[in-house]
There are 2 protein chains.
Amino acid sequence: MKSTLPERVKGVCSPPSIPLPLTRVDASVELLKALADPTRLQMIGVLKRSAQPLCICDFTAAFELSQPTISHHMGKLRDAGLVDVTKAGIWAYYRLNSHLDAKTRALLEVLV
Amino acid sequence: MKSTLPERVKGVCSPPSIPLPLTRVDASVELLKALADPTRLQMIGVLKRSAQPLCICDFTAAFELSQPTISHHMGKLRDAGLVDVTKAGIWAYYRLNSHLDAKTRALLEVLV
DNA sequence: CGATTCCATCGACAAACGTCGATCTTTTGA
DNA sequence: TCAAAAGATCGACGTTTGTCGATGGAATCG
């Protein structure tokens, strides 16, 4: 079953209208970039499954990466609004942001 | 309403188990990277809404980017398995891959 | 054949990114 | 008061990415 292709004339292009609002595209891209890294995606997966907020030193022990790198990745997730942090003493506890909008929640539901 | 934080002892970290299979993480990251660009996300949005396959020259006219750059982005979407191409004469017609798995379809449903 | 059109590929370049060691701040506790 | 621990930030480094102009290949048409 083969659908017919649209007819064309040489030298004539009809640009399609861009359907997505620019602000929405930018927001989505920012979110996608925050998630498009193996370490960060794993972090989100761990946090999504955890009933308790998790100390960042636990992530440092779990991944074979240096402490600054773990901190860097968690900072990216923080900047993207995906996680919240609570400091207590010398520890920093992270958890999934509980106020994520519906689209973001749906995305995480699919991904992790 | 404040949930209590887990108790901790200095110098003792308990790494959480990594919940996501490595192959799944890699596949997801590849998909996310393919989508994490404004131009490519717009392209997917256009293709998702189009009943007809679209000629790449139409995209070249729609975006303020050079022809090689448009081709480069479409190639990335092709490598990620998101779009299919049909060549006819001098034209290359692109459409959304009709055999996307359920997770990917769900992702696109949320995003574009 | 020769010119034209579409499109992919190549090479180059700047910007962004992931990673690390070193350093600094804050908090704890002896 | 001082040492140790957690974690953020800084500076540097190599890699990846987005972009372009130039080139090459295939199809079309006079």
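Just so we're on the same page: letters track the sequence lines, and every chain starts at 1.
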Grab the N/O contacts between the protein and nucleotides 22-27 of chain C below 3.5 Å, and write none if there aren't any.
none

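Using a 4.0 Å cut-off, some side-chain N or O of Thr69(B) falls inside it from OP1 or OP2 of dC20(D). Residue His73(B) places at least one side-chain N or O closer than 4.0 Å to OP1 or OP2 of dT19(D). Put simply, Tyr93(B) has no side-chain N or O that comes within less than 4.0 Å of OP1 or OP2 on dC7(C). For the OP1/OP2 pair of dA8(C) and a distance below 4.0 Å, the side-chain nitrogens and oxygens of His72(B) include no atom meeting the criterion.
Using modelled atom types, one side-chain atom of Arg40(B) and one backbone atom of Lys33(B) make a donor-acceptor pair closer than 3.5 Å. Counting only distance, with no hydrogens or angles, the side chain of Thr104(B) and the backbone of Leu100(B) share no donor-acceptor pair below 3.5 Å. Judged purely by atom type and a 3.5 angstrom limit, Asn97(A) has no side-chain atom pairing as donor or acceptor with the backbone of Asp84(A). Looking at Tyr94(A), its side chain never comes within 3.5 Å of a backbone N or O of Thr86(A) through a donor-acceptor pair.
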Pairs under 3.5 angstrom only: tabulate donor-acceptor contacts from the side chains of residues 43-66 of chain A to other protein residues two or more places apart or in another chain.
| residue | atom | partner | partner atom | Å |
| --- | --- | --- | --- | --- |
| Arg49(A) | NH1 | Gly45(A) | O | 3.2 |
| Ser50(A) | OG | Gln52(A) | N | 3.2 |
| Ser50(A) | OG | Gln52(A) | O | 2.4 |
| Asp58(A) | OD1 | Arg8(B) | NH2 | 2.9 |
| Asp58(A) | OD1 | Ser14(B) | N | 2.9 |
| Asp58(A) | OD2 | Arg8(B) | NH1 | 3.2 |
| Thr60(A) | OG1 | Ile56(A) | O | 3.2 |
| Ser66(A) | OG | Thr69(A) | N | 3.4 |
| Ser66(A) | OG | Thr69(A) | OG1 | 3.0 |

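Rounded to a whole Å, the CG atom of Asp37(B) is 14 Å from the C1' atom of dA15(C). Taking atom NZ of Lys87(A) as the reference point, atom C1' of dG7(D) lies 7 Å away to the nearest angstrom. As a whole-Å value, the separation of Phe59(B) CZ from dC6(C) P is 16 Å. In this structure, Leu65(A) atom CG and dT19(C) atom C1' are separated by 8 Å, rounded to whole Å. Atoms CE (Met43(B)) and C1' (dG18(D)) sit 12 Å apart, rounded to a whole Å. As rounded to whole Å, 12 Å separates atom P of dA8(D) from atom CG of Leu77(A). The interatomic distance linking Lys76(B) (NZ) with dA8(C) (P) rounds to 15 Å, in whole Å. The distance from atom CZ of Arg78(A) to atom P of dG7(D) is 12 Å, rounded to the nearest whole Å.
In this structure, Val25(A) and Gln42(B) approach most closely via the heavy-atom pair CG2-NE2, 3.4 Å.
Among the atoms of the strands shown, none is found under 4.0 Å from any heavy atom of Arg8(B). If you check every strand for non-hydrogen atoms under 4.0 Å, Tyr94(B) touches sugar and phosphate atoms only.
Comparing Arg40(A) and Cys13(A) by the nucleotide of DNA chain C whose heavy atom lies nearest to each, the residue mapping closer to the 5' end is Cys13(A).
Looking at residues two or more places apart in sequence or on another chain, you find no side-chain contact (heavy atoms from CB on, under 4.5 Å) involving Ala27(A).
Set against dC17(C), dC7(C), dG7(D), the side chain of Cys57(A) has dG7(D) as its closest nucleotide.
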